[in-house]
J.: 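My questions will all concern the structure given below.
We count ligands from 1, going down the list as the structure has it; atoms in each ligand are counted the same way. Atoms considered below: every heavy atom in the structure, side chains included; atoms not considered: hydrogens, waters and symmetry mates.
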Amino acid sequence: MSGITIALSKGRIFEETTPLLKAAGIVPLEDPESSRKLIIGTNNPDVRLIIVRATDVPTYVQYGAADLGVAGKDVLLEHGGAGLYQPLDLQIAKCRMMVAVQQGFDYERHVRQGSRLKVATKYVQTAREHFAKKGVHVDLIKLYGSMELAPLVGLADAIVDLVSSGNTLKANNLVAVEEIMQISSRLVVNQAALKLKHAAIQPLLDQFAAAVGK
Ligand code: ATP
Ligand code: MG
């Protein structure tokens, strides 16, 4: 394959990457929200997009099934980043990774007292590191979605989740009590592809960087 394959996820990553692709002269031929196709052509016959689950983007790029991809820092930290070159923070899909608890749960007091906390999250690696650094003992419970439910039904004392507006927390009677880190999405590149297809990939990287203002 001499062409370039770019892995994207549906939803906010696709939406917020589209203007950056456009700046690099790449226009998708279909909208993944309405099309059921998982391989989407572009106006450039040498560039195609593949639509994968957000957490799978690093995997497709790591193994070279895609040359480039766009993935959140949250996803990249859990993946570990093996085989990936991460040249550019695209400054899109911004949010914060936070610890949240049910309204009325005195998180600070439990931390001070050295309580053992049950924490439910999709982001087990990042959460483990965060609480270890703070010296807080935690039992981590891996979930795949709807983390907000866990404290409400007694599965966990706290959750680690992504927050942007805070509306989902509020709707479920939860409050954010600690910021772990700011999150945005990054461009990831397969390390071998960057060398083998340098002539095709480098101009794209330069155009993305210019579009982001770097
Ligand atoms: P799904 O929602 O289908 O379970 P997902 O949560 O992995 O999948 P998205 O919700 O599309 O996928 O999130 C993709 C990326 O966008 C995340 O990895 C994160 O970097 C970012 N993101 C997630 N939630 C928010 C948010 N509330 N605001 C801004 N960016 C977010
Ligand atoms: Mg989501």
J.: Hey, which of Leu77, Leu76, Val75 is the one that makes side chain to side chain contact (heavy atoms under 4.5 Å, CB included) with Lys73?
T.: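 Filter result, single survivor: Leu77.
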
J.: Any N or O of Thr55 that comes nearer than 3.5 Å to an N or O of ligand 1?
T.: no

J.: If you count the atoms of ligand 1 from 1 in the order shown, which ones are under 4.0 Å from a heavy atom of Asp74?
T.: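 Every atom of ligand 1 under 4.0 Å from some heavy atom of Asp74: 17 (C), 18 (O), 19 (C), 20 (O).
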
J.: Enumerate the atoms of ligand 1 whose separation from the nearest heavy atom of Ile183 is less than 4.0 angstrom.
T.: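 Here the atoms of ligand 1 in question are 20 (O).
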
J.: So is Lys73 touching ligand 1 or not, going by heavy atoms under 4.0 Å?
T.: no

J.: Within the 4.5 Å heavy-atom criterion, are Phe105 and Leu117 side-chain neighbours or not?
T.: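 Yes, their side chains come closer than 4.5 Å.
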
J.: Would one find an N or O of Arg53, backbone or side chain, under 3.5 Å from an N or O of ligand 1?
T.: yes

J.: Assess Val75 for proximity to ligand 1: is some non-hydrogen atom of it under 4.0 Å away?
T.: yes

J.: Would you mind running through ligand 1 and noting each atom that sits below 4.0 Å from a heavy atom of Leu162?
T.: 19 (C), 22 (N), 23 (C), 24 (N)

J.: How about Glu179: does its CD atom have over 12 heavy atoms from other parts shown lying under 6.0 Å from it?
T.: yes

J.: Flag yes if more than 12 heavy atoms outside Lys142 fall under 6.0 Å of its NZ atom; otherwise flag no.
T.: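 Yes, enclosed.
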
J.: Near Ala54, which atoms of ligand 1 are under 4.0 Å from a heavy atom of that residue?
T.: 7 (O), 12 (O), 14 (C)

J.: Tell me whether Arg109 at atom CZ has more than 12 heavy atoms from other residues, nucleotides or ligands lying less than 6.0 Å away.
T.: yes

J.: Which residue, Leu68, Asp67, Val189, forms the side chain to side chain contact (heavy atoms under 4.5 Å, CB included) with Leu204?
T.: Leu68

J.: So which bit of Lys122 gets within less than 4.0 Å of ligand 1, heavy atoms only: side chain, backbone, both or neither?
T.: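 The answer is the side chain.
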
J.: Which of the numbered atoms in ligand 1 are below 4.0 angstrom from a heavy atom of Gly72?
T.: 20 (O)

J.: Atom CZ of residue position Phe131 - does it have more than 12 heavy atoms of other residues, nucleotides or ligands inside 6.0 Å?
T.: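 More than 12 heavy atoms, drawn from other residues, nucleotides or ligands, come within 6.0 Å of this atom.
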
J.: Heavy-atom distance to atom 24 (N) of ligand 1: which of Lys10, Arg186, Arg12, Glu15 wins?
T.: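 Closest candidate by heavy-atom distance is Arg12.
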
J.: Using a 4.0 Å cutoff against the non-hydrogen atoms of Lys94, which atoms of ligand 1 qualify?
T.: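 This gives 28 (N), 29 (C), 30 (N) as the contact atoms.
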
J.: Tell me whether Ala93 reaches ligand 1 (any heavy atom closer than 4.0 angstrom to a ligand atom).
T.: yes

J.: Is the backbone of Ser184 close enough, under 3.5 Å, to the side chain of Gln91 for a donor and an acceptor to pair up by distance?
T.: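 No, Gln91 side chain to Ser184 backbone: no donor-acceptor pair under 3.5 Å.
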
J.: Would the number of heavy atoms belonging to other residues, nucleotides or ligands and lying under 6.0 Å from NZ of Lys22 be above 12?
T.: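 Not buried by this count: 12 neighbours or fewer within 6.0 Å.
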
J.: Check ligand 1 against Ser164 and write out every atom of the ligand that is under 4.0 Å from a heavy-atom position of the residue.
T.: 26 (C), 27 (N), 28 (N)

